[in-house]
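These notes concern the structure reproduced below.
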2 protein chains.
Amino acid sequence: MGSPLPRDPIADAQRNWERHGWGEVAAPMAAITAIMRTQQILLARIEGVLKPFGLTFARYELLALLSFARSGALPMNKASALLQVHPTSVTNAVDRLEKAALVVRSPHPTDGRTTLIELTAEGRTLAKRATTALNNEVFGQSGFGDDDVEHLIRVLGDFRKAAGDFTD
Amino acid sequence: MGSPLPRDPIADAQRNWERHGWGEVAAPMAAITAIMRTQQILLARIEGVLKPFGLTFARYELLALLSFARSGALPMNKASALLQVHPTSVTNAVDRLEKAALVVRSPHPTDGRTTLIELTAEGRTLAKRATTALNNEVFGQSGFGDDDVEHLIRVLGDFRKAAGDFTD
DNA sequence: TCCAAACCCTTGGATGTCCTAGTATATTGC
DNA sequence: GCAATATACTAGGACATCCAAGGGTTTGGA
């Protein structure tokens with residue numbers, strides 16, 4: 001999107017915060033802003049790897065989730081809960097995946113309100129290939145050291161738990 | 001969006017990765033997924049605080065950036081570079097901020113290609129009020145410990161630098 | 001039994017992000 | 001000096017996310 005900046009804009013923001021008497025919260029502000037930016041970078045990498053497969057991250061996540069379900073199928077509301085996104089986002093993703101013949105919608109056997117999302121054979125194959133690509137090109141080269149990875153998992157796990165993501 | 005899950009879905013994903021022979025990259029995958037989810041949570045909190053001000057995070061960031069510029073004005077391309085977003089995203093944000101009379105577009109004095117974004121008095125006031133709210137309600141209660149904040153700033157800073165965000 | 005409340009999914013709308021052009025203005029190089 | 005290249009912004013389109021509403025299905029209490 002652009003060439004590297006001469007200075008870290010987030011560090012600058014932190015200095016600005018301190019300069020304006022908000023020193024107390026300057027560091028958390030910087031950390032949070034860094035998380036936002038890191039997410040943006042990671043998402044771009046992931047989308048870049050998935051593009052050749054005709055997938056976006058949202059669709060890939062759903063595909064991967066289904067591929068781990070014992071039966072290869074999940075109710076939409078279950079998928080929404082596990083992916084932690086709004087139900088309408090799942091509807092959107094399923095619409096597109098279904099058009100691509102990677103999943104199929106089927107009625108729930110006992111609950112007429114519920115719709116099951118089912119992986120097709122092509123969907124399962126594509127999920128596997130996409131996962132391999134992501135593992136090789138993104139997760140396997142994250143750039144984070146092993147210790148930092150462990151630390152991130154712990155710190156962000158605590159944060160997510162405190163935010164009400166899960167009980168455990 | 002939903003009640004807490006009984007188990008951490010990211011930890012489950014990590015176990016699934018290991019179970020499928022991708023143990024080498026399971027941890028980075030979990031860390032990256034956690035970053036994505038954490039960003040989602042933080043963004044929701046921030047947007048919640050900004051909503052009463054009629055602002056979104058994208059618009060607030062631009063407003064805050066301008067409020068720190070010495071002259072209260074910046075060329076659009078400069079803003080795009082500093083915020084690390086696509087130029088069209090800045091166009092979009094400026095359109096809306098201008099409709100709200102928080103900024104004004106003005107021609108660059110010497111370069112006819114460039115457009116300056118200028119903070120209005122209301123824009124400056126609103127930026128200040130919104131910043132106070134964010135500091136009190138989000139950054140001041142991030143939930144991250146001081147040590148974790150320092151660690152995040154360092155680790156994510158290294159990551160962003162390696163990703164080519166800045167030279168420094 | 002039966003109706004109200006709860007739940008599930010979808011549609012429509014608002015935002016934001018990116019990409020791909022297209023237009024206008026500057027700079028460069030011959 | 002002028003053409004070719006580079007830069008700056010914007011228009012249009014594809015996607016994703018959320019919220020608000022609406023229609024169908026279940027559940028539960030009177």
Side-chain angles (χ1 to χ4, degrees), chain A residues 1-3 36-37 39-48 50-51 53-63 74-100 103-117, chain B residues 1-3 36-37 39-48 50-51 53-63 74-100 103-117:
Chain A
M1 191 135 15
S3 35
M36 312 291 272
R37 174 57 186 157
Q39 186 267 352
Q40 192 179 19
I41 293 169
L42 288 168
L43 182 59
R45 282 190 195 171
I46 291 172
E47 299 270 11
L50 292 176
K51 195 180 199 77
F53 297 101
L55 292 175
T56 62
F57 187 47
R59 297 176 212 170
Y60 166 76
E61 277 194 299
L62 184 50
L63 234 43
L74 276 179
M76 298 198 52
N77 63 332
K78 212 64 166 177
S80 169
L82 291 172
L83 297 175
Q84 324 229 222
V85 294
H86 199 278
T88 53
S89 296
V90 176
T91 294
N92 185 328
V94 171
D95 283 349
R96 298 170 194 280
L97 288 171
E98 198 168 30
K99 264 194 201 66
V103 306
V104 178
R105 264 185 253 243
S106 63
H108 189 286
T110 67
D111 190 331
R113 296 169 298 183
T114 301
T115 299
L116 292 176
I117 324 167
Chain B
M1 191 136 20
S3 37
M36 312 290 273
R37 173 58 185 156
Q39 185 268 351
Q40 193 179 18
I41 293 169
L42 289 169
L43 182 59
R45 281 191 194 171
I46 291 172
E47 299 270 11
L50 293 177
K51 195 180 199 79
F53 297 99
L55 291 175
T56 62
F57 186 48
R59 296 175 212 171
Y60 167 76
E61 277 194 299
L62 184 49
L63 235 44
L74 274 179
M76 298 198 53
N77 63 334
K78 212 70 166 167
S80 167
L82 292 172
L83 296 176
Q84 323 228 226
V85 295
H86 199 278
T88 53
S89 296
V90 176
T91 295
N92 186 332
V94 171
D95 282 350
R96 300 171 192 281
L97 287 172
E98 199 169 30
K99 264 195 202 64
V103 305
V104 179
R105 263 184 254 243
S106 64
H108 189 286
T110 67
D111 190 331
R113 297 168 298 181
T114 300
T115 299
L116 292 176
I117 324 167

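Each chain gets a letter, A, B and so on, in the order its sequence line appears, and its residues count up from 1.
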*Using atom CG of B:Leu63 as one end and atom P of C:dG16 as the other, report the distance to the nearest whole Å.*
13 Å
*Return the set of residues passing salt bridge (Lys or Arg N to Asp or Glu O under 4.0 Å) with B:Arg113 (not counting sequence neighbours), or none when no residue passes.*
B:Asp111
*Considering residues at least two apart in sequence or located in another chain, which fulfil the salt bridge (Lys or Arg N to Asp or Glu O under 4.0 Å) criterion with A:Arg37?*
B:Asp165
*Interatomic spacing from CZ in B:Arg45 to CD1 in B:Ile41 - rounded to 0.5 Å*: 7.0 Å
*asked:* Measure CG/B:Leu83 against P/C:dT17 and give the value in whole Å, please.
replied: 9 Å
*To the nearest Å, give me how far apart CZ (B:Arg59) and C1' (C:dT17) are.*
14 Å
*Nucleotide range of DNA chain D contacted by chain A, 5' to 3', under 4.0 Å to a heavy atom?*
D:dC15 to D:dT26
*asked:* Can you build the contact string for nucleotides 6-12 of chain C? Use B for base contact, S for sugar-phosphate-only contact, and - for no protein heavy atom under 4.0 Å.
replied: -BSSBB-
*Can you sort out the partners of A:Ser106 under side-chain hydrogen bond (donor to acceptor under 3.5 Å, both in side chains), two or more places apart, ordered by chain and number?*
A:Glu118
*Which part of the nucleic acid, if any, lies within contact of A:Glu47, taking any heavy atom under 4.0 Å across all strands shown: a base, the sugar-phosphate backbone alone, or nothing?*
nothing
*Tell me: CZ of B:Arg96 to C1' of C:dG13, nearest whole Å?*
12 Å
*Roughly, in whole Å, what's the span from CG in B:Leu97 to C1' in C:dG16?*
13 Å
*Who are the salt bridge (Lys or Arg N to Asp or Glu O under 4.0 Å) partners of B:Glu98, not counting sequence neighbours?*
B:Arg105
*B:Asn92: what forms a side-chain hydrogen bond (donor to acceptor under 3.5 Å, both in side chains) with it, not counting sequence neighbours?*
B:Arg96
*asked:* Assuming nearest nucleotide by heavy-atom distance, tell me which of A:Lys51 and B:Ala93 is located more 5' along DNA chain C.
replied: B:Ala93
_Shortest non-hydrogen contact between A:Leu62 and A:Ala93, atoms and distance_ = CD2-CB, 4.0 Å
*So what does B:Thr110 hit on the nucleic acid, given a heavy-atom distance under 4.0 Å: a base, only sugar-phosphate, or nothing?*
sugar-phosphate
*Interatomic distance, B:Lys99 NZ vs C:dT15 C1' [rounded to whole Å]*: 13 Å
Contacts table for residues 82-89 of chain A: side-chain donor-acceptor under 3.5 angstrom, sequence neighbours left out:
from    : atom 1 : to      : atom 2 : distance (Å)
A:His86 : ND1    : A:Thr88 : N      : 3.2
A:His86 : ND1    : A:Thr88 : OG1    : 2.9

*List for me each residue that meets side-chain hydrogen bond (donor to acceptor under 3.5 Å, both in side chains) alongside B:Thr110, sequence neighbours excluded, and say none if there are none.*
B:His108
